[in-house]
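Remember, predicted model here, so these are calculated numbers, not experimental data. The first residue of the sequence shown is numbered 1, and numbering continues consecutively from there.
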Amino acid sequence: MFRILILRLIHYVLALGEFTFGIFKLFPQYKSIFAPKQHASKVEADAKKLSKLPLHIGMVVVENDFSIKDLANMIVWSVTMGISHISVYDMNGEMKRHSGGLQGALEQSKEGIMGGEEDPHEIQIFTHSLHFTEKLAVGRGTKKAEVHLLSAEDGCQSIVQVARNLSHRVLAQGISASDISPAFVTDVIHETHPFPDPDLILKFGSTHCLMGYLPWQTRLTEIISIPSHKGLAYQDFYSSLQTYANTQQRFGK
């Protein structure tokens, strides 16, 4: 009789655990709780399996809520894979205002993925505005990676500002109208945003729009839509990079 009671108790505990796990899986923000931790050696090995990696990966968040922890994980995975430029965009500049929180989340994520090993990377966080750029740093490694926090003023508004500046220069006879070409405009934009054009954009949210993210720089960019960044598991992130690596880019040809 006692053994039967013990077996029933074990059965009830297991059933309760499965029920609780099923409930948590319904909510993507809790997905990362059950996802296995990924260490640097695993991430680096996965990167070597890809036929190509983006030099610059953009993360465009068009969701109402932000998970700084999950964005930090994606940044650290990207850096560990060898991606040296990452931009994080939200139209209202929430990430810019929380750059300090992102810095702390990156430090925690790096500690988790390195597993106590020496980290060779220094992640530099750039917060842009029309008048100045602030820089934060995470780690003191020899390999530098840049994270650029962007908002609407860096996208469509920056194109408007460039057009105004060029108009003033033409009026002041600093340049002639014939000097203005697509290549010239690109050079002017890169003066204020000195990073390469994004090769890949991960767009998070149900809205099928980039909400003003770098319109001039994305004419050749591959775009992959993901329902949410919250609770995004490493395997889902890696699957997106596999999709990019397997995409044949014709660049308009």
Side-chain angles (χ1 to χ4, degrees), residues 28-29 31-32 34-63 66-90 95 102 105-106 109-110 112-115 119-125 138-139 141 143-150 195-210 213-214 217-251:
Q29 60 266 39
K31 186 177 178 181
S32 58
F34 304 98
K37 295 290 185 181
Q38 299 298 331
H39 293 291
S41 58
K42 162 68 172 170
V43 178
E44 290 170 350
D46 285 343
K48 293 178 181 178
K49 299 175 185 176
L50 300 173
S51 59
K52 62 180 177 181
L53 276 172
L55 176 61
H56 175 185
I57 181 171
M59 302 175 187
V60 179
V61 183
V62 290
E63 300 178 82
F66 292 84
S67 172
I68 293 180
K69 175 184 176 183
D70 290 309
L71 287 170
N73 285 340
M74 285 187 284
I75 291 171
V76 173
W77 294 334
S78 299
V79 171
T80 306
M81 284 184 166
I83 301 172
S84 54
H85 297 273
I86 302 104
S87 59
V88 182
Y89 176 90
D90 70 281
M95 288 308 304
L102 178 62
L106 285 172
S109 184
K110 288 181 71 176
I113 195 173
M114 295 309 300
D119 185 6
H121 299 99
E122 176 184 319
I123 300 178
Q124 300 174 334
I125 305 173
V138 179
K143 298 181 180 179
K144 301 292 191 295
E146 298 182 359
V147 176
H148 297 269
L149 305 182
L150 307 174
F195 48 79
D197 294 348
D199 306 291
L200 170 65
I201 290 175
L202 300 182
K203 192 275 299 176
F204 301 102
S206 58
T207 303
H208 297 294
C209 178
L210 297 182
Y213 170 85
L214 303 182
Q217 295 95 322
T218 53
R219 60 196 182 280
L220 301 176
T221 304
E222 292 295 320
I223 302 172
I224 297 176
S225 294
I226 300 174
S228 178
H229 72 289
K230 290 174 284 188
L232 188 74
Y234 169 74
Q235 280 304 128
D236 295 327
F237 174 79
Y238 181 61
S239 177
S240 298
L241 290 179
Q242 286 179 308
T243 300
Y244 166 76
N246 295 329
T247 299
Q248 184 180 6
Q249 294 173 282
R250 297 184 181 275
F251 302 110

Rounded to the nearest 0.5 Å, what's the gap from [atom1] on [X] to [atom2] on [Y]? Could you check?
X: Ile224; Y: Thr243; atom1: CD1; atom2: OG1; value: 5.0 Å
X: Leu71; Y: Ile86; atom1: CG; atom2: CD1; value: 11.5 Å
X: Asp90; Y: Phe204; atom1: CG; atom2: CZ; value: 13.0 Å
X: His229; Y: Lys69; atom1: NE2; atom2: NZ; value: 12.5 Å

May I ask you to test the [X]-[Y] pair for a side-chain heavy-atom distance under 4.5 Å?
X: Leu106; Y: Ile125; answer: yes
X: Ile83; Y: Leu200; answer: no
X: Lys52; Y: Asp199; answer: no
X: Met74; Y: Met59; answer: yes
X: Glu146; Y: His56; answer: no
X: Ile201; Y: Thr218; answer: yes
X: Val43; Y: Ile113; answer: yes
X: Arg219; Y: Asp197; answer: yes

Of the non-hydrogen atoms in [X] and [Y], which two are nearest, and what is the gap between them?
X: Trp77; Y: Ala233; result: CH2-C, 3.9 Å
X: Leu53; Y: Tyr244; result: C-CE2, 3.9 Å
X: Glu63; Y: Gly205; result: CG-CA, 3.7 Å
X: Ala245; Y: Ser51; result: O-OG, 3.1 Å
X: Ser87; Y: Tyr213; result: OG-OH, 2.8 Å
X: Ser78; Y: Ile57; result: OG-CG2, 4.1 Å

inquiry  = Let's go through Lys110 and Ile123 carefully: what are the C-alpha distance in whole Å and the side-chain angles of both, what is the deciding distance for side-chain contact (heavy atoms from CB on, under 4.5 Å) to 0.1 Å, and is it a yes or a no?
reply    = CA-CA 10 Å; Lys110 288 181 71 176; Ile123 300 178; 4.0 Å; yes
Could you check whether any side-chain N or O of [X] sits under 3.5 Å from a backbone N or O of [Y], counting only pairs where one atom can act as donor and the other as acceptor?
X: Lys143; Y: Ala145; answer: no
X: Tyr238; Y: Asp46; answer: yes
X: Ser228; Y: Lys230; answer: yes

query = Who passes ring-ring contact (aromatic ring centres under 6.0 Å, His included) against His148, sequence neighbours left out?
reply = Phe126, His128, Phe195
key: Phe66: ring-ring contact (aromatic ring centres under 6.0 Å, His included) partners, not counting sequence neighbours   = none
ask   = For Leu232 and Ile226, what are the C-alpha separation, side-chain angles and deciding distance, and is it a side-chain contact (heavy atoms from CB on, under 4.5 Å)?
value = CA-CA 9 Å; Leu232 188 74; Ile226 300 174; 4.0 Å; yes
Criterion side-chain contact (heavy atoms from CB on, under 4.5 Å) on Ile223 and Val60, from CA distance to verdict = CA-CA 10 Å; Ile223 302 172; Val60 179; over 6 Å; no
query = In terms of ring plane angle, is the pair Tyr234 and Phe237 parallel, tilted or perpendicular, where the classes change at 30° and 60°?
reply =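 Tilted: the ring planes of Tyr234 and Phe237 meet at 30° to 60°.
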ask   = Applying the side-chain contact (heavy atoms from CB on, under 4.5 Å) test to Ile75, which of Val138, Thr80, Leu102, Asp70 qualifies?
value = Leu102
request  = Applying salt bridge (charged side-chain N to carboxylate O under 4.0 Å, His left out), name anything that partners Glu44, two or more places apart in sequence or on another chain.
outcome  = none
